[in-house]
Amino acid sequence: MTSNPSKRRKIVKKFVDEKKQIIRLGFPSISTKFAEFPIDIAADIGCEVIKEFLRLHRGLDFELVMIEQDSKVLNAFELKWKEIKDDLDAFKFQTKNGNLLQLKSDFGIECRFIVAETTWRMKPGTNQLNKQIFDAVGSRLHEELKRLYPNPGVVGEAYPVQIPKDSDLHIDEGIEQIIFVVSPNMNPSRPDPVSLGKAKELLKKTYHSMLNAFWELKIGQEYRPITTKKEKGSAFDILMKSASKSSFKTSAESSKRILPKVGGKGWTNVLLPYCQSPETFPKSEVYYYDDELVIIYDKYPKAKKHLLVIPRKYIDNIEELKKQDLQLVRALKEKGQCVIEKMKQENPKLFFRMGFHAVPGLRQLHMHVISQDFISPSLKHKKHWNSFTTEFFKDAEEIEKILEERGEIKFNKEYYENLLKSPLKCHLCDTKSIKFIPDLKKHLEEHWNES
DNA sequence: GTTCTAGAAC
DNA sequence: GTTCTAGAAC
C-alpha cells in the first residue's frame with residue numbers, strides 16, 4: 001500500500017489538514033464551586049482521568065483547555081498535572097484563568113466544544129456559568145435539551161447539545177456544542193448531596209463521560225448517554241450486520257445462556273458484565289454488540305488497535321469449545337474481520353491478526369483482534385510481547401481447524417506458559433537480538449515509521 | 001489481568 | 001542508572 005504514491009499523498013494531506021485544525025474542548029473544574037467538592041481531591045481525580053484519556057488518544061489534532069476564574073482551583077490542577085504528566089505533551093492539556101465563554105475573544109483559543117455543569121433536570125440557571133450560557137443562547141437551548149433528553153439526567157453522565165449557528169456564542173466564540181454534565185454535589189443546602197466517597201466515584205465518572213463525549217463528537221460520532229436508546233440503521237450497523245448472514249441467532253438462543261459458576265479471583269471475571277449487559281456500557285468501551293456476541297476495546301491495549309470479540313453465551317475458555325460451537329467460532333471470526341476492515345479503512349497502514357491466547361488470563365472466551373504495530377504504552381513486559389508474537393497466540397483460523405478435525409481443543413499449559421519467558425524477538429525482521437523491552441519499543445517505532 | 005515493590009542483573 | 005524478575009495485593 002505504501003507503493004501507491006497517490007494514496008500516500010492523500011494520507012499525508014489528511015494529516016496536514018488535521019494538524020491545522022485543532023479541535024478543542026474547554027471545560028471548568030467540575031463540582032468545586034457550588035457543589036463544595038474538596039479542591040485537592042478534585043484535582044487528583046480530574047488530572048488522572050485526563051492523563052488516562054491523553055494516553056489512550058495520542059493524536060495531534062485536539063487539545064483540552066481547563067478554564068477557571070478561581071486561581072486556587074487552577075493552582076491545584078496545575079500542581080497535580082506537573083506531578084503526574086510523565087511524557088504526555090503539555091500542550092494537549094493547558095489551563096487558563098478566565099471565562100469559558102470568552103476563550104476566543106480573550107485568549108484567541110477557539111473551543112468547538114465546551115462543558116457546563118447542570119443538575120438532573122437540566123434546567124437553565126442552576127449555576128453562574130450555566131445561567132450565562134442560557135442567557136446567551138436563549139430559550140431554544142432548553143427546548144432542544146428537553147427534546148434530546150426527555151428523561152432525567154444521571155449523575156456522572158454527559159449530555160451534549162448543539163447550539164444554534166446564529167447565536168453569539170457560535171459567531172463570536174466558535175462554540176458549536178455544549179456538553180452538559182450532571183456533576184456530583186456535596187453541598188447540603190443544594191439538591192441531592194452525597195458523601196465524599198460517593199462523590200469521588202461520581203466525579204471520576206463525570207470526567208470520563210465528559211471526555212468520552214468530546215472524543216465521540218470530535219470523530220464525528222453521536223455520543224450516547226447511558227439512559228438513551230441505541231440508534232439503529234447507522235452505516236456502522238449496516239456494515240456489521242452484513243456479515244451475519246449464516247448464523248444469526250434469535251433471542252431464544254441467548255435466553256438459554258448458561259450462567260457462569262461464581263468463583264475465581266475477582267479480576268478474572270471482568271469480561272462477564274460486558275456479555276450480560278453490554279447496553280449499560282458507554283460506546284467508548286463497547287464497540288458493538290448483538291444477541292450473539294459483543295466487541296469491546298481492550299482496557300490495556302497492546303497495540304494501536306486492540307479489541308476483544310466475545311460470545312455472549314458463557315464459555316469459560318477455548319478448552320470448553322465443542323464441535324457444535326463451530327458456528328460460533330466462525331461468527332466471531334466473521335465479525336472480527338469486519339472490525340479489521342473498518343479499522344483499515346481509517347488507517348491503511350494497519351494490519352491485523354485475530355486469535356486466542358493458549359492460556360488466557362481472564363474467564364470467558366475472548367478473541368483478540370490486534371494490529372501488528374504493537375505500539376502502546378500498555379505493552380510493558382516480555383510476557384505481553386510473547387503472548388502475541390509466539391505460538392502462545394493461536395490464530396482463529398487454527399482454532400477453527402482443530403475444532404473441525406478433532407472436535408476439541410487441548411493445550412499443554414506448562415509448555416505454553418514457558419513460551420512467555422522466551423527471549424525477545426522482532427515479529428517482522430531478523431534483528432540479531434533485542435534484549436530489553438525499551439529497545440524493542442524503539443525498534444517497533446522504526447518499523448511503523450518505515451511502513 | 002494490573003500495579004507496586006524489592007532486590008538482582010546488566 | 002536502568003531494566004528485569006518475582007511475588008503480593010487487588
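Letters A, B, ... mirror the listed sequences (proteins, then strands); counts begin at 1. No hydrogens, no waters, no symmetry mates; every other heavy atom, side chains included, goes into these values.
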S.K.: Quickly work out the A:I84 CD1 to B:dT3 C1' distance and round it to whole Å.
M.R.: 16 Å
S.K.: Are the aromatic rings of A:Y287 and A:F281 close, with centres under 6.0 Å apart?
M.R.: no
S.K.: Calculate the interatomic distance between A:H381 atom NE2 and C:dT3 atom C1'; express it in whole Å.
M.R.: 11 Å
S.K.: May I have the distance from A:L420 (atom CG) to C:dC4 (atom P), rounded to whole angstrom?
M.R.: 16 Å
S.K.: Taking the side chain as every heavy atom from C-beta outward, state whether A:F37 and A:L202 have any pair of such atoms under 4.5 Å apart.
M.R.: no
S.K.: Using whole Å, report how far CZ of A:F436 lies from P of C:dT5.
M.R.: 9 Å
S.K.: Tell me whether the OP1 or OP2 atom of B:dT3 has a side-chain N or O from A:K380 closer than 4.0 Å.
M.R.: yes
S.K.: For A:K302, which contact category applies under a 4.0 Å heavy-atom criterion: base, sugar-phosphate, or nothing?
M.R.: sugar-phosphate
S.K.: Parallel, tilted or perpendicular: which fits the ring planes of A:H368 and A:H306, with parallel below 30° and perpendicular above 60°?
M.R.: tilted
S.K.: Taking OP1 and OP2 of B:dT2, is either one under 4.0 Å from a side-chain nitrogen or oxygen of A:H384?
M.R.: yes
S.K.: Quickly work out the A:W385 CH2 to C:dC4 C1' distance and round it to whole Å.
M.R.: 18 Å
S.K.: Any idea which of B:dT2, C:dT3, C:dT5 is nearest the A:Y300 side chain?
M.R.: B:dT2
S.K.: The side chain of A:P438 is closest to which nucleotide in this list: C:dT5, C:dC4, B:dT2?
M.R.: C:dC4
S.K.: Could you tell me how far apart A:Q364 (CD) and B:dG1 (P) are, to the nearest whole angstrom?
M.R.: 15 Å
S.K.: Under 3.5 Å, which protein N or O atoms sit close to an N or O of nucleotides 8-10 of chain C? Give each pair with its distance.
M.R.:
unit_1 : atom_1 : unit_2 : atom_2 : d
C:dC10 : N3     : A:W267 : NE1    : 3.3
C:dC10 : N4     : A:W267 : NE1    : 2.8

S.K.: Which pair of heavy atoms, one from A:L350 and one from A:K344, lies closest together, and at what distance?
M.R.: O-NZ, 3.2 Å
S.K.: Between A:H427 and A:F374, what is the ring plane arrangement, given parallel below 30°, perpendicular above 60°, and tilted in between?
M.R.: perpendicular
S.K.: So, is A:K299 close to the B:dT2 phosphate, meaning a side-chain N or O under 4.0 Å from OP1 or OP2?
M.R.: no
S.K.: In this structure, how many angstroms lie between the P atom of B:dG1 and the OH atom of A:Y274, rounded?
M.R.: 15 Å
S.K.: Which one of A:N317, A:V270, A:L308, A:I310 satisfies the side chain to side chain contact (heavy atoms under 4.5 Å, CB included) criterion with A:L362?
M.R.: A:V270
S.K.: Looking only at side-chain atoms of A:H357, point me to the closest of B:dG1, C:dT5, C:dC4.
M.R.: B:dG1
S.K.: Calculate the interatomic distance between A:L362 atom CG and B:dT2 atom P; express it in whole Å.
M.R.: 8 Å
S.K.: Could you give me the CA-CA distance, side-chain angles and deciding distance for A:D290 and A:K335, then say whether salt bridge (charged side-chain N to carboxylate O under 4.0 Å, His left out) is met?
M.R.: CA-CA 11 Å; A:D290 59 30; A:K335 284 288 198 295; 3.8 Å; yes
S.K.: Students often get this wrong, so: under 4.0 angstrom with heavy atoms, is A:H366 touching a base, only sugar-phosphate, or nothing?
M.R.: nothing
